[in-house]
Amino acid sequence: MPNTYSQIYIQAVFAVKYRNAVIAKEWRPRLMGVIGNMINEAEAQTILVNGVEDHVHCFFRMKPAVLLADVMQIAKARSSKWVNESGLLPHRFEWQKGYGAFSYSHSQVENVRRYIANQEAHHHKQTFRAEYLDMLEKFGIDYDEAYIFNDLV
């Protein structure tokens with residue numbers, strides 16, 4: 001077969017270092033746009049990027065030849081550089097080292113898109129920590145809770 005056909009949908013979730021609530025409503029939409037553009041520049045296709053003051057959800061489609069680690073490295077490094085160069089905060093901005101990545105089928109795309117679009121309302125009911133641990137459990141991902149939000153390692 002001369003061509004490669006794929007359908008790979010990923011939701012990636014990452015937090016501000018130490019989960020500091022520093023992503024202000026005033027510039028949050030611009031940051032989400034920057035992250036979406038960085039995902040596209042990493043040869044993935046952004047569906048939606050949204051978040052709240054302490055974390056971000058990215059939903060995108062990937063090609064099989066593109067490495068998820070590369071997409072995340074580009075999106076996180078360049079977006080933190082953008083925040084710092086824009087002078088939006090009086091201190092240095094950093095993302096937490098790791099991220100969560102979860103795959104979905106085509107039939108789930110609209111539900112995931114809707115979930116990410118409604119992050120602000122969702123987090124009036126549930127903390128980021130509870131949300132993230134629920135996702136890990138839902139996807140059957142083994143983790144050690146002692147290290148799940150440890151930025152010191």
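What you are looking at is a predicted structure, and each value in this text was computed from that prediction instead of being measured.
The structure places CE of M32 at 13.0 Å from CG of N37, a figure rounded to the nearest 0.5 Å. The distance from the CD atom of Q45 to the CZ atom of R61 is 6.0 Å, given to the nearest 0.5 Å. From I35, atom CD1 reaches atom CG of L31 across 4.0 Å, with rounding to the nearest 0.5 Å.
Within a 6.0 Å radius of CD in Q126, more than 12 heavy atoms belonging to other residues, nucleotides or ligands are found.
Legend: residues meeting side-chain hydrogen bond (donor to acceptor under 3.5 Å, both in side chains) with H106, ordered by chain and number and at least two apart, are Y9. Not counting sequence neighbours, K63 has no partner by the salt bridge (Lys or Arg N to Asp or Glu O under 4.0 Å) test. Taking the salt bridge (Lys or Arg N to Asp or Glu O under 4.0 Å) definition, one finds that E26 meets it with nothing, sequence neighbours left out. Remark: E41 pairs with R78 by the side-chain hydrogen bond (donor to acceptor under 3.5 Å, both in side chains) rule, at least two apart or across chains. Taking the side-chain hydrogen bond (donor to acceptor under 3.5 Å, both in side chains) definition, one finds that S105 meets it with S107, Q108, sequence neighbours left out. Partners of S80 by side-chain hydrogen bond (donor to acceptor under 3.5 Å, both in side chains), not counting sequence neighbours: none found. With sequence neighbours left out, the side chain to side chain contact (heavy atoms under 4.5 Å, CB included) criterion links N20 to V16, Y18, V22.
Within the cation-pi definition used here (under 6.0 Å to the ring centroid, within 45° of the axis), K76 does not qualify as a partner of Y99.
Hydrophobic clustering, with ILVMFWY side chains joined whenever heavy atoms are under 4.5 angstrom apart, keeps L67 apart from M38.
You'll find the side chain of V112 stays beyond 4.5 Å of the side chain of F102, heavy atoms only.
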Using residues 47-59 as the side-chain source, report each donor-acceptor pair under 3.5 Å to any protein atom, sequence neighbours left out, with the distance given to one decimal.
from	atom 1	to	atom 2	distance (Å)
N50	ND2	I116	O	2.9
N50	ND2	A117	O	3.2
H55	NE2	H57	NE2	3.2
H55	NE2	Q119	OE1	3.3
H55	NE2	H123	NE2	3.1
H55	NE2	E131	OE1	3.2
H57	ND1	Q11	OE1	2.7
H57	NE2	Q119	OE1	2.8
H57	NE2	E131	OE1	3.3
H57	NE2	E131	OE2	3.3

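Within the structure, salt bridge (charged side-chain N to carboxylate O under 4.0 Å, His left out) contacts touching residues 101-113 (residues at least two apart or in different chains) are E110-R113, E110-R114. Among pairs with a residue in residues 134-149, those fulfilling salt bridge (charged side-chain N to carboxylate O under 4.0 Å, His left out) read R129-E145, at least two apart in sequence or across chains. Here ring-ring contact (aromatic ring centres under 6.0 Å, His included) pairs that include residues 68-93, with residues two or more places apart or in two chains, are F93-W95. Residue pairs meeting the salt bridge (charged side-chain N to carboxylate O under 4.0 Å, His left out) criterion with at least one member in residues 115-128, sequence neighbours excluded, are K25-E120, R28-E120.
Nearest heavy atom pair, residue I10 against residue A101, reads CG2-CB, 4.2 Å. Contact record, F60 with A44: CD1-CB, 3.8 Å, taken as the closest heavy-atom pair. The shortest non-hydrogen separation linking I74 to A42 is CD1-CB, 3.7 Å.
Here the two rings, on Y104 and F139, have centers that are under 6.0 Å apart.
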Open item on the list: What verdict does the side-chain contact (heavy atoms from CB on, under 4.5 Å) test give for L68 and M62, after you've listed the backbone C-alpha separation in whole Å, the side-chain angles of each residue and the deciding distance to 0.1 Å?
Closed with: CA-CA 8 Å; L68 175 61; M62 289 183 58; 4.0 Å; yes
- [ ] Would you sort out whether W27 and L89 count as a side-chain contact (heavy atoms from CB on, under 4.5 Å), showing the intermediate values?
- [x] CA-CA 11 Å; W27 51 269; L89 296 170; 4.0 Å; yes
